[in-house]
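Encoded as structure tokens, the structure appears first; notes follow it.
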Amino acid sequence: MAIRGVIAATVLILGVYYCVSKSNKQAALQEHLGMTPQAALAQTTQDSGPENPGITWYYHPNSELYFDKNQLTIYLGKRADDVWMKLTMAYTADPYINYTNAYLEVGDKLVEIPFDKDQNKLYEDKYHSELLDLAVWPELESLLLDCAMEDSVTMIFKGDEIKEISVGQKYLKPLGEMLLAYKALRDEVD
């Protein structure tokens, strides 16, 4: 379902479509990747820099959290018994498209990713890129579990123009592994 010019009227709202049990999706993802949550966590890169005392950040060793890439990735944070997950969706283009809406196309479903334009959207003039960085809530986690099981998904940014970016296994496999690592961290603190 390629989106050209106009976003289709079939956009789903998170929480309406994604109602399959998260534990079932996590089990399916473990089987799909052939990896346990603990193994996924063990392979992460950790950073406890002085700029965020008490916080440990977890990144996939193959993730590229750079402004000069078209990317879909997640990273994790932990402070004491608090664990959270952040989603990063980014594109590069000259000029900016000044997007106001972001979508993920998963299979035959197009799902809008709601975000606060003032808090979650970043610009990098050097690379002509816009980046969406936001906390992941349960319904979005469920969507990301679906993404990780696909061969490819499409990120769509709609603004002055529409920018479609196909995301393949280079990003979806690490995304799935980080979702499993998140489960392992949650299990540690629960």
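Atom set for the values below is all heavy atoms of this structure, side chains included, hydrogens, waters and symmetry mates excluded. One-based numbering along the sequence shown.
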List the atom of [X], the atom of [Y], and the distance in Å for their closest heavy-atom pair.
{"X": "A102", "Y": "L132", "answer": "CB-CD2, 3.9 Å"}
{"X": "A40", "Y": "Q43", "answer": "O-CG, 3.1 Å"}
{"X": "P61", "Y": "T45", "answer": "CA-OG1, 3.7 Å"}
{"X": "A148", "Y": "L29", "answer": "CB-CD1, 3.7 Å"}
{"X": "Y103", "Y": "M89", "answer": "O-CE, 3.8 Å"}

If you define the side chain from C-beta out and look only at heavy atoms, does anything of [X] sit under 4.5 Å from [Y]?
{"X": "V136", "Y": "L144", "answer": "yes"}
{"X": "T44", "Y": "H60", "answer": "no"}
{"X": "C147", "Y": "L175", "answer": "yes"}
{"X": "L72", "Y": "L104", "answer": "yes"}
{"X": "W137", "Y": "S142", "answer": "no"}
{"X": "L180", "Y": "T36", "answer": "no"}

Side chain to side chain donor-acceptor pair (under 3.5 Å) with [X]: which residues, sequence neighbours excluded?
{"X": "T56", "value": "S48"}
{"X": "D133", "value": "Y75, K86, T88"}
{"X": "D190", "value": "R186"}
{"X": "E141", "value": "K22"}

Quick one: salt bridge (Lys or Arg N to Asp or Glu O under 4.0 Å) partners of [X], sequence neighbours excluded?
{"X": "K78", "value": "E188"}
{"X": "D160", "value": "none"}
{"X": "K173", "value": "E177"}

Approximate separation, where rounding is to 0.5 Å, of [X] [atom1] and [Y] [atom2]:
{"X": "Y171", "Y": "N62", "atom1": "OH", "atom2": "CG", "result": "10.5 Å"}
{"X": "K183", "Y": "L76", "atom1": "NZ", "atom2": "CG", "result": "13.5 Å"}
{"X": "E139", "Y": "I113", "atom1": "CD", "atom2": "CD1", "result": "11.5 Å"}
{"X": "H32", "Y": "Q26", "atom1": "NE2", "atom2": "CD", "result": "15.0 Å"}
{"X": "S152", "Y": "I165", "atom1": "OG", "atom2": "CD1", "result": "13.5 Å"}
{"X": "L87", "Y": "L143", "atom1": "CG", "atom2": "CG", "result": "9.0 Å"}

Checking D151 side chain against Q169 main chain: does a donor-acceptor pair fall under 3.5 Å?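 No; zero donor-acceptor contacts below 3.5 Å.
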Quick one: list whatever passes side-chain contact (heavy atoms from CB on, under 4.5 Å) with [X], sequence neighbours left out.
{"X": "D81", "value": "V189"}
{"X": "T154", "value": "E105, I156, E164"}
{"X": "A42", "value": "none"}

Residues Y182, V83; criterion side-chain contact (heavy atoms from CB on, under 4.5 Å); working and verdict: CA-CA 8 Å; Y182 179 69; V83 177; 3.6 Å; yes
Which residue pairs pass the ring pair (Phe, Tyr, Trp, His ring centres under 6.0 Å) test with at least one member in residues 147-168, sequence neighbours excluded?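 Sorted result for residues 147-168: Y91-F157, Y99-F157.
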When you check the side-chain N and O atoms of T100 and K158, is any donor under 3.5 Å from an acceptor?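 No, K158 and T100 have no side-chain donor paired with an acceptor closer than 3.5 Å.
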Aromatic ring proximity, centroids under 6.0 angstrom, W57 and W84: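 Yes - the distance between ring centres of W84 and W57 falls below the 6.0 Å cut-off.
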